[in-house]
Colleague: 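One structure coming up, written as C-alpha coordinates, with questions to follow.
Chain letters run A, B, ... following the sequence lines, proteins first, then strands; residues in each count from 1.
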2 protein chains.
Amino acid sequence: MEPKYKHILETIKTQIIEEKYPAGSMLPDQNTLAKEFKTSRMTVKKALDMLAIEGFIYSRRGSGTFVKKNALAQQDALPVNDYGGLSRRFSKSRVKSKPIVFDVTFPTPEVKERLELKQNEPVYEILRLRLVDNTPYALEHTFMPISLAPNLSKEILFDSIYAYLTKEVKLEIGGAFRKISAEKTEANDLKYLESEANDPILQVEQVVYLQDGRPFEYSISRHPYNGKHAYTIFDRKK
Amino acid sequence: MEPKYKHILETIKTQIIEEKYPAGSMLPDQNTLAKEFKTSRMTVKKALDMLAIEGFIYSRRGSGTFVKKNALAQQDALPVNDYGGLSRRFSKSRVKSKPIVFDVTFPTPEVKERLELKQNEPVYEILRLRLVDNTPYALEHTFMPISLAPNLSKEILFDSIYAYLTKEVKLEIGGAFRKISAEKTEANDLKYLESEANDPILQVEQVVYLQDGRPFEYSISRHPYNGKHAYTIFDRKK
DNA sequence: GAGTGGTCTAGACCACGAG
DNA sequence: TCGTGGTCTAGACCACTCG
(Lines give C-alpha, C1' and ligand atoms only; values in the text may rest on other atoms or scores of the structure.)
Protein backbone atom coordinates (compact mmCIF):
# COMPACT_ATOMS: atom_id res chain seq x y z
CA MET A 1 0.00 0.00 0.00
CA GLU A 2 1.37 3.33 -1.07
CA PRO A 3 1.59 5.89 1.71
CA LYS A 4 -1.07 8.56 1.51
CA TYR A 5 1.41 11.44 1.52
CA LYS A 6 3.01 10.06 -1.63
CA HIS A 7 -0.30 10.04 -3.41
CA ILE A 8 -0.89 13.66 -2.38
CA LEU A 9 2.64 14.57 -3.46
CA GLU A 10 2.22 13.01 -6.89
CA THR A 11 -1.22 14.52 -7.41
CA ILE A 12 -0.05 18.05 -6.63
CA LYS A 13 3.13 17.58 -8.63
CA THR A 14 1.06 16.56 -11.66
CA GLN A 15 -1.17 19.56 -11.20
CA ILE A 16 1.87 21.84 -11.15
CA ILE A 17 3.31 20.22 -14.26
CA GLU A 18 -0.03 20.51 -16.03
CA GLU A 19 -0.14 24.14 -14.90
CA LYS A 20 -3.36 23.70 -13.01
CA TYR A 21 -1.32 25.46 -10.36
CA PRO A 22 0.74 27.85 -12.52
CA ALA A 23 4.22 29.06 -11.61
CA GLY A 24 4.03 31.78 -8.99
CA SER A 25 0.49 30.94 -7.89
CA MET A 26 -0.57 30.07 -4.38
CA LEU A 27 -1.67 26.57 -3.46
CA PRO A 28 -4.82 26.06 -1.41
CA ASP A 29 -4.06 26.25 2.30
CA GLN A 30 -3.21 23.10 4.22
CA ASN A 31 -6.61 22.79 5.88
CA THR A 32 -8.39 22.94 2.55
CA LEU A 33 -6.03 20.38 1.04
CA ALA A 34 -6.56 18.13 4.04
CA LYS A 35 -10.30 18.19 3.42
CA GLU A 36 -9.89 17.65 -0.33
CA PHE A 37 -7.70 14.62 0.21
CA LYS A 38 -9.77 13.44 3.16
CA THR A 39 -6.78 13.30 5.44
CA SER A 40 -5.20 15.16 8.33
CA ARG A 41 -3.24 18.35 8.02
CA MET A 42 -0.02 16.66 9.21
CA THR A 43 -0.13 14.32 6.25
CA VAL A 44 -0.68 17.16 3.81
CA LYS A 45 2.23 18.98 5.45
CA LYS A 46 4.51 16.02 4.89
CA ALA A 47 3.64 15.91 1.20
CA LEU A 48 4.25 19.66 0.87
CA ASP A 49 7.59 19.39 2.69
CA MET A 50 8.78 16.84 0.20
CA LEU A 51 7.58 18.90 -2.76
CA ALA A 52 9.63 21.76 -1.32
CA ILE A 53 12.70 19.52 -1.10
CA GLU A 54 12.14 18.50 -4.72
CA GLY A 55 12.15 22.17 -5.66
CA PHE A 56 8.57 22.67 -6.83
CA ILE A 57 7.16 24.87 -4.09
CA TYR A 58 8.11 26.99 -1.09
CA SER A 59 6.14 27.96 1.99
CA ARG A 60 6.07 31.15 4.03
CA ARG A 61 4.56 31.14 7.46
CA GLY A 62 1.79 33.73 7.56
CA SER A 63 1.49 33.97 3.80
CA GLY A 64 0.94 30.64 2.13
CA THR A 65 2.50 28.01 -0.10
CA PHE A 66 3.55 28.98 -3.61
CA VAL A 67 4.63 27.31 -6.81
CA LYS A 68 8.22 28.25 -7.63
CA LYS A 69 8.79 30.35 -10.71
CA ASN A 70 11.05 27.70 -12.16
CA ALA A 71 9.01 24.74 -10.99
CA LEU A 72 8.54 23.35 -14.46
CA ALA A 73 12.30 23.14 -14.97
CA GLN A 74 12.46 20.72 -12.03
CA GLN A 75 10.44 17.94 -13.54
CA ASP A 76 13.19 16.39 -15.59
CA ALA A 77 16.14 17.74 -13.65
CA LEU A 78 18.33 14.89 -12.59
CA PRO A 79 18.44 14.58 -8.85
CA VAL A 80 21.67 15.92 -7.39
CA ASN A 81 22.59 12.35 -6.74
CA ASP A 82 23.24 10.45 -9.87
CA TYR A 83 24.61 7.08 -8.97
CA GLY A 84 24.36 4.19 -11.30
CA GLY A 85 26.95 5.77 -13.50
CA LEU A 86 26.70 6.00 -17.22
CA SER A 87 24.07 3.38 -17.84
CA ARG A 88 21.50 5.58 -16.17
CA ARG A 89 22.47 8.78 -17.91
CA PHE A 90 22.43 7.25 -21.36
CA SER A 91 20.28 4.49 -22.73
CA LYS A 92 21.99 1.20 -22.16
CA SER A 93 22.50 0.41 -25.81
CA ARG A 94 24.66 3.48 -26.34
CA VAL A 95 27.12 2.66 -23.56
CA LYS A 96 30.01 0.27 -24.00
CA SER A 97 32.88 -0.59 -21.71
CA LYS A 98 36.31 -1.82 -22.67
CA PRO A 99 38.20 -3.37 -19.76
CA ILE A 100 41.91 -2.56 -19.83
CA VAL A 101 43.00 -3.76 -16.41
CA PHE A 102 41.22 -6.16 -14.05
CA ASP A 103 43.35 -7.14 -11.13
CA VAL A 104 43.46 -7.91 -7.44
CA THR A 105 46.17 -6.05 -5.56
CA PHE A 106 47.12 -4.62 -2.22
CA PRO A 107 46.06 -0.99 -2.01
CA THR A 108 48.41 1.95 -2.15
CA PRO A 109 48.35 4.11 1.01
CA GLU A 110 46.15 6.61 -0.87
CA VAL A 111 43.56 3.98 -1.80
CA LYS A 112 43.76 2.41 1.64
CA GLU A 113 42.90 5.72 3.26
CA ARG A 114 40.03 6.52 0.89
CA LEU A 115 38.42 3.12 1.35
CA GLU A 116 39.16 3.15 5.09
CA LEU A 117 40.76 -0.28 4.86
CA LYS A 118 42.37 -2.09 7.77
CA GLN A 119 45.57 -4.07 7.55
CA ASN A 120 46.37 -5.35 4.12
CA GLU A 121 42.93 -6.03 2.78
CA PRO A 122 43.16 -6.67 -0.97
CA VAL A 123 41.21 -4.58 -3.48
CA TYR A 124 40.02 -4.91 -7.05
CA GLU A 125 41.79 -2.59 -9.41
CA ILE A 126 39.87 -1.91 -12.58
CA LEU A 127 40.72 0.33 -15.50
CA ARG A 128 37.96 0.70 -18.07
CA LEU A 129 37.46 2.84 -21.11
CA ARG A 130 33.83 3.93 -21.25
CA LEU A 131 32.35 4.62 -24.67
CA VAL A 132 29.12 6.37 -25.53
CA ASP A 133 28.01 5.95 -29.14
CA ASN A 134 31.44 4.47 -29.78
CA THR A 135 33.31 7.64 -28.83
CA PRO A 136 35.54 7.73 -25.76
CA TYR A 137 33.62 9.17 -22.87
CA ALA A 138 35.84 8.51 -19.88
CA LEU A 139 38.78 6.55 -18.63
CA GLU A 140 37.73 5.09 -15.28
CA HIS A 141 40.20 3.86 -12.70
CA THR A 142 38.30 2.07 -9.93
CA PHE A 143 39.25 0.45 -6.62
CA MET A 144 36.85 -1.67 -4.55
CA PRO A 145 37.34 -3.78 -1.43
CA ILE A 146 37.10 -7.45 -2.36
CA SER A 147 35.15 -8.17 0.81
CA LEU A 148 32.09 -6.30 -0.45
CA ALA A 149 31.79 -8.09 -3.77
CA PRO A 150 33.79 -11.31 -3.69
CA ASN A 151 32.45 -12.67 -6.96
CA LEU A 152 33.24 -9.98 -9.48
CA SER A 153 34.15 -11.48 -12.82
CA LYS A 154 35.69 -9.97 -15.90
CA GLU A 155 32.44 -10.48 -17.82
CA ILE A 156 30.64 -8.00 -15.61
CA LEU A 157 33.15 -5.31 -16.52
CA PHE A 158 31.75 -5.15 -20.04
CA ASP A 159 28.41 -4.28 -18.52
CA SER A 160 27.36 -2.12 -15.59
CA ILE A 161 29.16 -2.83 -12.33
CA TYR A 162 26.61 -0.71 -10.51
CA ALA A 163 23.66 -2.72 -11.79
CA TYR A 164 25.38 -5.91 -10.68
CA LEU A 165 26.20 -4.64 -7.23
CA THR A 166 22.86 -3.07 -6.44
CA LYS A 167 20.69 -5.77 -8.00
CA GLU A 168 22.65 -8.98 -7.46
CA VAL A 169 24.70 -8.26 -4.36
CA LYS A 170 21.97 -5.94 -3.03
CA LEU A 171 24.26 -3.19 -1.79
CA GLU A 172 22.53 0.10 -1.01
CA ILE A 173 24.26 3.28 -2.06
CA GLY A 174 24.09 6.05 0.50
CA GLY A 175 26.05 8.92 -1.00
CA ALA A 176 29.26 10.06 -2.58
CA PHE A 177 32.09 12.48 -2.11
CA ARG A 178 33.35 13.98 -5.34
CA LYS A 179 36.25 16.18 -6.26
CA ILE A 180 36.24 17.74 -9.69
CA SER A 181 39.32 19.29 -11.19
CA ALA A 182 40.96 20.28 -14.46
CA GLU A 183 44.12 18.34 -15.23
CA LYS A 184 46.82 18.10 -17.86
CA THR A 185 46.87 15.34 -20.43
CA GLU A 186 48.78 12.17 -19.54
CA ALA A 187 50.04 9.23 -21.58
CA ASN A 188 46.90 7.13 -21.03
CA ASP A 189 44.67 9.99 -22.14
CA LEU A 190 46.49 10.19 -25.46
CA LYS A 191 46.32 6.43 -25.84
CA TYR A 192 42.69 5.77 -24.93
CA LEU A 193 40.74 9.03 -24.93
CA GLU A 194 42.04 10.28 -28.28
CA SER A 195 43.11 13.49 -26.55
CA GLU A 196 45.60 15.88 -28.07
CA ALA A 197 48.75 16.86 -26.23
CA ASN A 198 47.58 20.09 -24.61
CA ASP A 199 43.90 19.36 -24.13
CA PRO A 200 42.53 19.94 -20.65
CA ILE A 201 41.09 16.86 -18.93
CA LEU A 202 38.03 17.02 -16.67
CA GLN A 203 38.75 14.71 -13.77
CA VAL A 204 36.17 13.42 -11.29
CA GLU A 205 37.55 11.69 -8.24
CA GLN A 206 34.93 10.03 -6.07
CA VAL A 207 34.38 7.87 -3.04
CA VAL A 208 30.96 6.21 -3.02
CA TYR A 209 29.53 5.19 0.33
CA LEU A 210 26.98 2.57 1.31
CA GLN A 211 23.95 3.51 3.34
CA ASP A 212 25.68 2.57 6.58
CA GLY A 213 28.61 4.81 5.77
CA ARG A 214 31.22 2.27 4.65
CA PRO A 215 33.15 3.36 1.55
CA PHE A 216 32.74 0.87 -1.24
CA GLU A 217 34.32 2.43 -4.29
CA TYR A 218 37.12 4.85 -4.96
CA SER A 219 37.48 5.94 -8.54
CA ILE A 220 39.10 8.50 -10.76
CA SER A 221 37.42 9.29 -14.07
CA ARG A 222 39.13 11.33 -16.75
CA HIS A 223 37.01 12.94 -19.46
CA PRO A 224 38.38 14.12 -22.80
CA TYR A 225 38.09 17.72 -23.92
CA ASN A 226 35.70 18.16 -26.80
CA GLY A 227 33.55 21.07 -25.77
CA LYS A 228 30.85 18.66 -24.64
CA HIS A 229 32.02 17.32 -21.33
CA ALA A 230 30.75 19.02 -18.23
CA TYR A 231 29.63 17.98 -14.82
CA THR A 232 26.29 19.49 -13.91
CA ILE A 233 24.66 19.84 -10.51
CA PHE A 234 21.35 21.16 -9.40
CA ASP A 235 21.52 22.21 -5.82
CA ARG A 236 18.69 23.12 -3.49
CA LYS A 237 18.95 24.82 -0.17
CA LYS A 238 18.00 22.99 3.04
CA MET B 1 11.46 29.67 21.30
CA GLU B 2 13.49 26.95 19.62
CA PRO B 3 11.45 24.04 18.30
CA LYS B 4 11.73 20.92 20.41
CA TYR B 5 12.84 18.73 17.52
CA LYS B 6 15.85 20.97 16.97
CA HIS B 7 16.91 20.56 20.55
CA ILE B 8 16.62 16.79 20.22
CA LEU B 9 18.53 16.88 16.93
CA GLU B 10 21.39 18.91 18.41
CA THR B 11 21.55 16.79 21.55
CA ILE B 12 21.83 13.54 19.63
CA LYS B 13 24.26 15.05 17.13
CA THR B 14 26.52 16.13 19.99
CA GLN B 15 26.33 12.67 21.51
CA ILE B 16 27.37 11.16 18.18
CA ILE B 17 30.27 13.58 17.81
CA GLU B 18 31.39 12.89 21.38
CA GLU B 19 31.09 9.19 20.56
CA LYS B 20 28.58 8.55 23.29
CA TYR B 21 26.84 6.85 20.38
CA PRO B 22 29.83 5.41 18.51
CA ALA B 23 29.91 4.87 14.76
CA GLY B 24 27.97 1.74 13.82
CA SER B 25 26.07 1.55 17.10
CA MET B 26 22.31 1.51 17.46
CA LEU B 27 20.43 4.44 18.90
CA PRO B 28 17.74 3.86 21.53
CA ASP B 29 14.40 3.17 19.88
CA GLN B 30 12.00 6.02 19.18
CA ASN B 31 9.70 5.27 22.11
CA THR B 32 12.58 5.33 24.57
CA LEU B 33 13.89 8.58 23.12
CA ALA B 34 10.41 10.07 23.32
CA LYS B 35 10.30 9.29 27.04
CA GLU B 36 13.84 10.58 27.61
CA PHE B 37 13.08 13.87 25.92
CA LYS B 38 9.58 14.02 27.43
CA THR B 39 7.95 14.40 24.06
CA SER B 40 5.91 12.44 21.55
CA ARG B 41 7.30 9.88 19.17
CA MET B 42 6.40 12.00 16.11
CA THR B 43 8.68 14.75 17.33
CA VAL B 44 11.54 12.34 17.92
CA LYS B 45 10.94 10.96 14.44
CA LYS B 46 11.25 14.42 12.91
CA ALA B 47 14.59 14.99 14.63
CA LEU B 48 15.85 11.59 13.45
CA ASP B 49 14.69 12.26 9.88
CA MET B 50 16.73 15.43 9.78
CA LEU B 51 19.78 13.72 11.27
CA ALA B 52 19.45 11.19 8.46
CA ILE B 53 19.33 13.97 5.86
CA GLU B 54 22.44 15.47 7.43
CA GLY B 55 24.17 12.13 7.00
CA PHE B 56 24.72 11.07 10.60
CA ILE B 57 22.32 8.14 10.91
CA TYR B 58 20.13 5.78 8.92
CA SER B 59 17.02 3.86 9.91
CA ARG B 60 15.78 0.43 8.94
CA ARG B 61 12.22 -0.53 9.58
CA GLY B 62 12.16 -3.63 11.74
CA SER B 63 15.77 -3.26 12.86
CA GLY B 64 16.51 0.11 14.37
CA THR B 65 18.33 3.38 13.88
CA PHE B 66 22.10 3.32 13.53
CA VAL B 67 25.00 5.75 13.54
CA LYS B 68 26.68 5.79 10.14
CA LYS B 69 30.21 4.46 9.95
CA ASN B 70 31.43 7.76 8.58
CA ALA B 71 29.24 9.95 10.77
CA LEU B 72 32.17 11.81 12.28
CA ALA B 73 33.30 12.93 8.84
CA GLN B 74 30.00 14.77 8.43
CA GLN B 75 30.42 17.23 11.24
CA ASP B 76 32.55 19.67 9.38
CA ALA B 77 31.58 18.70 5.86
CA LEU B 78 30.38 21.73 4.02
CA PRO B 79 26.75 21.37 3.11
CA VAL B 80 26.30 20.47 -0.56
CA ASN B 81 25.10 23.98 -1.03
CA ASP B 82 27.80 26.51 -0.55
CA TYR B 83 26.44 29.88 -1.43
CA GLY B 84 27.98 33.00 -0.10
CA GLY B 85 30.95 32.46 -2.34
CA LEU B 86 34.52 32.83 -1.26
CA SER B 87 34.03 34.85 1.88
CA ARG B 88 32.44 31.87 3.53
CA ARG B 89 35.01 29.32 2.43
CA PHE B 90 37.96 31.41 3.55
CA SER B 91 38.26 33.82 6.43
CA LYS B 92 37.32 37.25 5.24
CA SER B 93 40.74 38.75 5.78
CA ARG B 94 42.34 36.39 3.26
CA VAL B 95 39.98 37.25 0.42
CA LYS B 96 40.41 40.27 -1.80
CA SER B 97 38.57 41.34 -4.92
CA LYS B 98 39.85 43.45 -7.75
CA PRO B 99 37.10 44.84 -9.95
CA ILE B 100 38.05 44.92 -13.61
CA VAL B 101 34.72 45.73 -15.22
CA PHE B 102 31.61 47.21 -13.62
CA ASP B 103 29.02 48.12 -16.15
CA VAL B 104 25.33 48.26 -16.95
CA THR B 105 24.45 46.77 -20.34
CA PHE B 106 21.75 45.03 -22.28
CA PRO B 107 22.15 41.27 -22.01
CA THR B 108 23.39 39.00 -24.76
CA PRO B 109 20.83 36.37 -25.82
CA GLU B 110 22.74 33.80 -23.76
CA VAL B 111 22.55 35.90 -20.58
CA LYS B 112 18.96 36.84 -21.28
CA GLU B 113 17.97 33.21 -21.46
CA ARG B 114 19.86 32.19 -18.34
CA LEU B 115 18.36 35.00 -16.28
CA GLU B 116 14.92 34.49 -17.85
CA LEU B 117 14.70 38.19 -18.69
CA LYS B 118 11.85 39.79 -20.55
CA GLN B 119 12.22 42.46 -23.19
CA ASN B 120 15.37 44.46 -22.92
CA GLU B 121 15.84 44.56 -19.19
CA PRO B 122 19.35 45.85 -18.42
CA VAL B 123 21.83 43.86 -16.35
CA TYR B 124 24.94 44.52 -14.33
CA GLU B 125 28.05 43.11 -15.91
CA ILE B 126 30.86 42.58 -13.47
CA LEU B 127 34.30 41.12 -14.01
CA ARG B 128 36.31 40.59 -10.85
CA LEU B 129 39.62 38.98 -10.05
CA ARG B 130 39.30 37.14 -6.75
CA LEU B 131 42.45 36.74 -4.68
CA VAL B 132 43.05 34.48 -1.71
CA ASP B 133 46.22 35.28 0.25
CA ASN B 134 47.14 37.59 -2.60
CA THR B 135 47.30 34.78 -5.18
CA PRO B 136 44.80 34.67 -8.05
CA TYR B 137 41.96 32.36 -7.14
CA ALA B 138 39.38 32.97 -9.84
CA LEU B 139 38.30 35.28 -12.58
CA GLU B 140 34.57 35.86 -12.08
CA HIS B 141 32.30 37.13 -14.80
CA THR B 142 28.89 37.95 -13.32
CA PHE B 143 25.55 39.14 -14.71
CA MET B 144 22.66 40.26 -12.51
CA PRO B 145 19.30 41.85 -13.31
CA ILE B 146 19.33 45.46 -12.17
CA SER B 147 15.77 45.16 -10.92
CA LEU B 148 16.80 42.89 -8.05
CA ALA B 149 19.53 45.12 -6.66
CA PRO B 150 19.13 48.65 -7.99
CA ASN B 151 21.71 50.21 -5.68
CA LEU B 152 24.85 48.26 -6.37
CA SER B 153 27.91 50.49 -6.19
CA LYS B 154 31.47 49.94 -7.21
CA GLU B 155 32.58 50.02 -3.57
CA ILE B 156 30.66 46.84 -2.83
CA LEU B 157 32.59 44.99 -5.49
CA PHE B 158 35.74 45.13 -3.38
CA ASP B 159 33.84 43.27 -0.70
CA SER B 160 31.31 40.45 -0.77
CA ILE B 161 28.38 40.97 -3.13
CA TYR B 162 26.61 38.04 -1.50
CA ALA B 163 26.82 39.50 1.97
CA TYR B 164 25.39 42.77 0.66
CA LEU B 165 22.53 41.12 -1.17
CA THR B 166 21.47 38.71 1.55
CA LYS B 167 21.97 41.09 4.48
CA GLU B 168 21.13 44.51 3.09
CA VAL B 169 18.72 43.76 0.25
CA LYS B 170 17.43 40.68 2.11
CA LEU B 171 17.25 38.35 -0.86
CA GLU B 172 16.88 34.69 0.00
CA ILE B 173 18.92 32.21 -1.99
CA GLY B 174 17.03 29.08 -2.97
CA GLY B 175 19.47 27.04 -5.00
CA ALA B 176 21.85 26.96 -7.90
CA PHE B 177 22.49 25.20 -11.15
CA ARG B 178 26.15 24.61 -11.85
CA LYS B 179 28.09 23.31 -14.81
CA ILE B 180 31.71 22.43 -14.26
CA SER B 181 34.09 21.89 -17.13
CA ALA B 182 37.75 21.88 -18.09
CA GLU B 183 38.67 24.57 -20.59
CA LYS B 184 41.64 25.87 -22.51
CA THR B 185 43.50 28.99 -21.47
CA GLU B 186 42.30 32.30 -22.92
CA ALA B 187 43.84 35.76 -23.12
CA ASN B 188 42.26 36.98 -19.87
CA ASP B 189 43.53 33.93 -18.01
CA LEU B 190 47.09 34.72 -19.02
CA LYS B 191 46.61 38.34 -18.09
CA TYR B 192 44.90 38.02 -14.71
CA LEU B 193 45.25 34.45 -13.44
CA GLU B 194 48.97 34.15 -14.12
CA SER B 195 48.25 31.01 -16.13
CA GLU B 196 50.69 29.55 -18.60
CA ALA B 197 49.73 28.97 -22.20
CA ASN B 198 48.68 25.32 -22.04
CA ASP B 199 47.36 25.14 -18.51
CA PRO B 200 43.89 23.64 -18.10
CA ILE B 201 41.29 25.97 -16.57
CA LEU B 202 38.57 24.76 -14.21
CA GLN B 203 35.42 26.63 -15.15
CA VAL B 204 32.28 26.83 -13.04
CA GLU B 205 29.24 28.27 -14.75
CA GLN B 206 26.30 28.87 -12.46
CA VAL B 207 22.81 30.30 -12.26
CA VAL B 208 21.76 31.11 -8.71
CA TYR B 209 18.05 31.18 -7.93
CA LEU B 210 16.04 32.93 -5.24
CA GLN B 211 13.73 30.98 -3.00
CA ASP B 212 10.76 31.71 -5.23
CA GLY B 213 12.60 30.41 -8.26
CA ARG B 214 13.61 33.61 -10.01
CA PRO B 215 17.17 33.54 -11.34
CA PHE B 216 19.24 36.31 -9.83
CA GLU B 217 22.81 35.71 -10.90
CA TYR B 218 24.52 34.14 -13.87
CA SER B 219 28.26 33.81 -13.59
CA ILE B 220 31.26 32.10 -15.07
CA SER B 221 34.29 31.55 -12.84
CA ARG B 222 37.62 30.46 -14.21
CA HIS B 223 40.17 28.92 -11.86
CA PRO B 224 43.87 28.67 -12.60
CA TYR B 225 45.71 25.35 -12.71
CA ASN B 226 48.07 24.89 -9.81
CA GLY B 227 47.30 21.44 -8.52
CA LYS B 228 45.18 22.96 -5.78
CA HIS B 229 41.93 23.91 -7.44
CA ALA B 230 39.09 21.48 -7.24
CA TYR B 231 35.36 21.62 -6.79
CA THR B 232 34.17 19.29 -4.07
CA ILE B 233 30.69 17.98 -3.39
CA PHE B 234 29.28 15.77 -0.74
CA ASP B 235 26.14 14.15 -1.94
CA ARG B 236 23.58 12.24 0.06
CA LYS B 237 20.85 10.05 -1.27
CA LYS B 238 17.19 11.04 -0.83
C1' DG C 1 6.06 -13.12 18.65
C1' DA C 2 8.43 -9.19 20.17
C1' DG C 3 10.47 -5.14 18.90
C1' DT C 4 11.54 -1.97 15.56
C1' DG C 5 10.43 2.13 12.42
C1' DG C 6 6.74 4.25 8.95
C1' DT C 7 2.51 6.31 8.70
C1' DC C 8 -1.64 8.53 10.15
C1' DT C 9 -5.26 10.90 13.08
C1' DA C 10 -7.87 14.86 15.07
C1' DG C 11 -7.22 17.76 17.44
C1' DA C 12 -4.25 21.97 19.78
C1' DC C 13 -1.36 26.16 20.39
C1' DC C 14 1.79 29.32 18.51
C1' DA C 15 4.46 32.64 15.23
C1' DC C 16 4.16 35.29 11.48
C1' DG C 17 2.29 38.32 7.59
C1' DA C 18 -0.96 41.25 5.66
C1' DG C 19 -4.72 44.31 5.60
C1' DT D 1 -7.66 40.66 13.60
C1' DC D 2 -7.57 36.84 10.75
C1' DG D 3 -5.60 33.45 7.86
C1' DT D 4 -1.56 31.31 7.04
C1' DG D 5 2.10 27.67 8.02
C1' DG D 6 5.17 25.43 11.99
C1' DT D 7 5.09 22.53 15.73
C1' DC D 8 3.40 19.27 18.97
C1' DT D 9 0.44 15.67 21.32
C1' DA D 10 -1.05 10.92 22.63
C1' DG D 11 -2.52 7.87 20.92
C1' DA D 12 -3.24 4.06 16.80
C1' DC D 13 -2.37 0.58 13.13
C1' DC D 14 0.72 -1.46 10.01
C1' DA D 15 5.14 -3.43 7.77
C1' DC D 16 9.26 -5.20 8.48
C1' DT D 17 13.31 -7.90 10.76
C1' DC D 18 15.03 -11.20 13.60
C1' DG D 19 15.48 -14.79 16.84
Colleague: Looking at every heavy atom in both A:Ala23 and A:Lys68, which two are closest together, and how far apart are they?
Modeller: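 Smallest interatomic distance, heavy atoms only, reads CB-O, 3.7 Å.
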Colleague: Does the A:Asp103 side chain pair with the main chain of A:Thr105, one donor and one acceptor, at a distance under 3.5 Å?
Modeller: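 Checked: no pair found.
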Colleague: Convert the base pairs of DNA chain C into dot-bracket notation, remembering that pairs crossing earlier ones are written with [ ] and that bases paired across to another strand are shown as |; include only Watson-Crick or G-U pairs under 3.5 Å.
Modeller: ||||||||||||||||||.
Colleague: Just the rounded figure in Å: distance from C1' of C:dG5 to CD1 of B:Ile57.
Modeller: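 Distance check: B:Ile57 CD1 to C:dG5 C1' gives 11 Å.
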Colleague: Considering only heavy atoms from C-beta outward, does the side chain of A:Phe37 approach that of A:Lys4 to under 4.5 Å?
Modeller: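 With C-beta onward as the side chain, the pair stays apart.
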Colleague: Walk me through it: do B:Tyr58 and B:Phe66 pass the test ring-ring contact (aromatic ring centres under 6.0 Å, His included)?
Modeller: CA-CA 6 Å; B:Tyr58 64 103; B:Phe66 304 86; 5.7 Å; yes
Colleague: Taking the nucleotide of DNA chain D with the nearest heavy atom to each, does A:Asn31 or A:Met1 sit closer to the 5' end?
Modeller: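 Nearest-nucleotide comparison on DNA chain D picks A:Asn31.
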Colleague: Side-chain N or O of B:Ser59 less than 4.0 angstrom from OP1 or OP2 on C:dT4?
Modeller: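 The answer is no; no side-chain N or O of B:Ser59 sits under 4.0 Å from OP1 or OP2.
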Colleague: Closer than 4.0 Å, any side-chain N/O of A:Lys4 to the OP1 or OP2 of C:dT7?
Modeller: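 Answer is no, no contact under 4.0 Å.
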Colleague: Using the side chain to side chain contact (heavy atoms under 4.5 Å, CB included) definition, which of the options A:Val44, A:Thr14, A:Leu51 pairs with A:Leu9?
Modeller: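 Considering A:Val44, A:Thr14, A:Leu51, a side chain to side chain contact (heavy atoms under 4.5 Å, CB included) with A:Leu9 is found only for A:Leu51.
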Colleague: Whether B:Lys46 contacts D:dT7 is assessed here as follows: a side-chain N or O lying under 4.0 Å from the phosphate OP1 or OP2. Is that the case?
Modeller: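 Answer yes for this pair, as a side-chain N or O of B:Lys46 is under 4.0 Å from OP1 or OP2.
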Colleague: Grab the CG-C1' distance between B:Leu33 and C:dT4 for me, whole Å please.
Modeller: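 Going from CG in B:Leu33 over to C1' in C:dT4 covers 12 Å.
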Colleague: For residues B:Pro28 and B:Leu33, report the shortest heavy-atom separation together with the two atoms involved.
Modeller: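 Scanning both residues completely, I find the closest heavy atoms to be O-CD1, 3.5 Å.
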Colleague: Students often get this wrong, so: under 4.0 angstrom with heavy atoms, is A:Ser40 touching a base, only sugar-phosphate, or nothing?
Modeller: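 Contact class for A:Ser40: base.
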Colleague: Would you mind telling me which residue lines up with the more 5' stretch of DNA chain D, B:Glu2 or A:Gln30, judged by nearest nucleotide?
Modeller: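 Going by which nucleotide is closer to the 5' end, it is A:Gln30.
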Colleague: Using atom OH of A:Tyr58 as one end and atom P of D:dG6 as the other, report the distance to the nearest whole Å.
Modeller: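 For the pair A:Tyr58 OH and D:dG6 P, the rounded distance is 13 Å.
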Colleague: When you measure from the side chain of A:Thr43 to the backbone N and O of A:Thr39, does any donor-acceptor pair fall under 3.5 Å?
Modeller: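 Not a single qualifying donor-acceptor pair exists.
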Colleague: How many whole angstroms separate atom CG of A:Asp49 from atom C1' of D:dT4?
Modeller: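 Distance, rounded to whole Å: 15 Å.
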Colleague: Checking A:Ser219 against A:Glu217: is there a side-chain donor and acceptor pair closer than 3.5 Å?
Modeller: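 On atom types as modelled, these side chains qualify, holding a pair under 3.5 Å.
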Colleague: For A:Ser59 and A:Thr65, does a side-chain donor sit closer than 3.5 Å to a side-chain acceptor?
Modeller: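 Note: A:Ser59 and A:Thr65 side chains meet the donor-acceptor criterion.
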Colleague: Between C:dC8 atom C1' and A:Ile8 atom CD1, what is the distance in whole Å?
Modeller: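 Answer to the nearest Å: 10 Å.
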Colleague: When the distance from CZ of B:Arg41 to C1' of C:dG6 is rounded to whole Å, what number comes out?
Modeller: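 Taking CZ of B:Arg41 and C1' of C:dG6, I get 7 Å after rounding.
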Colleague: Collect all protein-nucleotide pairs involving nucleotides 16-19 of chain C in which both atoms are nitrogen or oxygen and the distance is under 3.5 Å.
Modeller:
| from | atom 1 | to | atom 2 | distance (Å) |
| --- | --- | --- | --- | --- |
| C:dG17 | O3' | A:Ser63 | OG | 3.4 |

Colleague: Could you tell me how far apart A:Leu9 (CG) and C:dC8 (P) are, to the nearest whole angstrom?
Modeller: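 Value for this atom pair: 12 Å.
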Colleague: Measure the distance from CE on A:Met42 to C1' on C:dA12 and round it to the nearest whole Å.
Modeller: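 After rounding, the gap between these two atoms is 12 Å.
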Colleague: Is any side-chain N or O of B:Tyr5 closer than 4.0 Å to OP1 or OP2 of D:dC8?
Modeller: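 No, outside the criterion.
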Colleague: Once you measure the plane-to-plane angle for A:Tyr218 and A:Phe143, does it fall in the parallel (<30°), tilted (30-60°) or perpendicular (>60°) bin?
Modeller: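 It falls in the parallel class, under 30°.
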Colleague: Identify, between B:Leu48 and A:Thr43, the residue whose nearest nucleotide on DNA chain C lies closer to the 5' end.
Modeller: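 It is B:Leu48 whose nearest nucleotide is closer to the 5' end.
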Colleague: Side-chain N or O of A:Lys45 versus OP1/OP2 of D:dG6: is the shortest distance under 4.0 Å?
Modeller: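 Yes, because at least one side-chain N or O of A:Lys45 sits under 4.0 Å from OP1 or OP2 of D:dG6.
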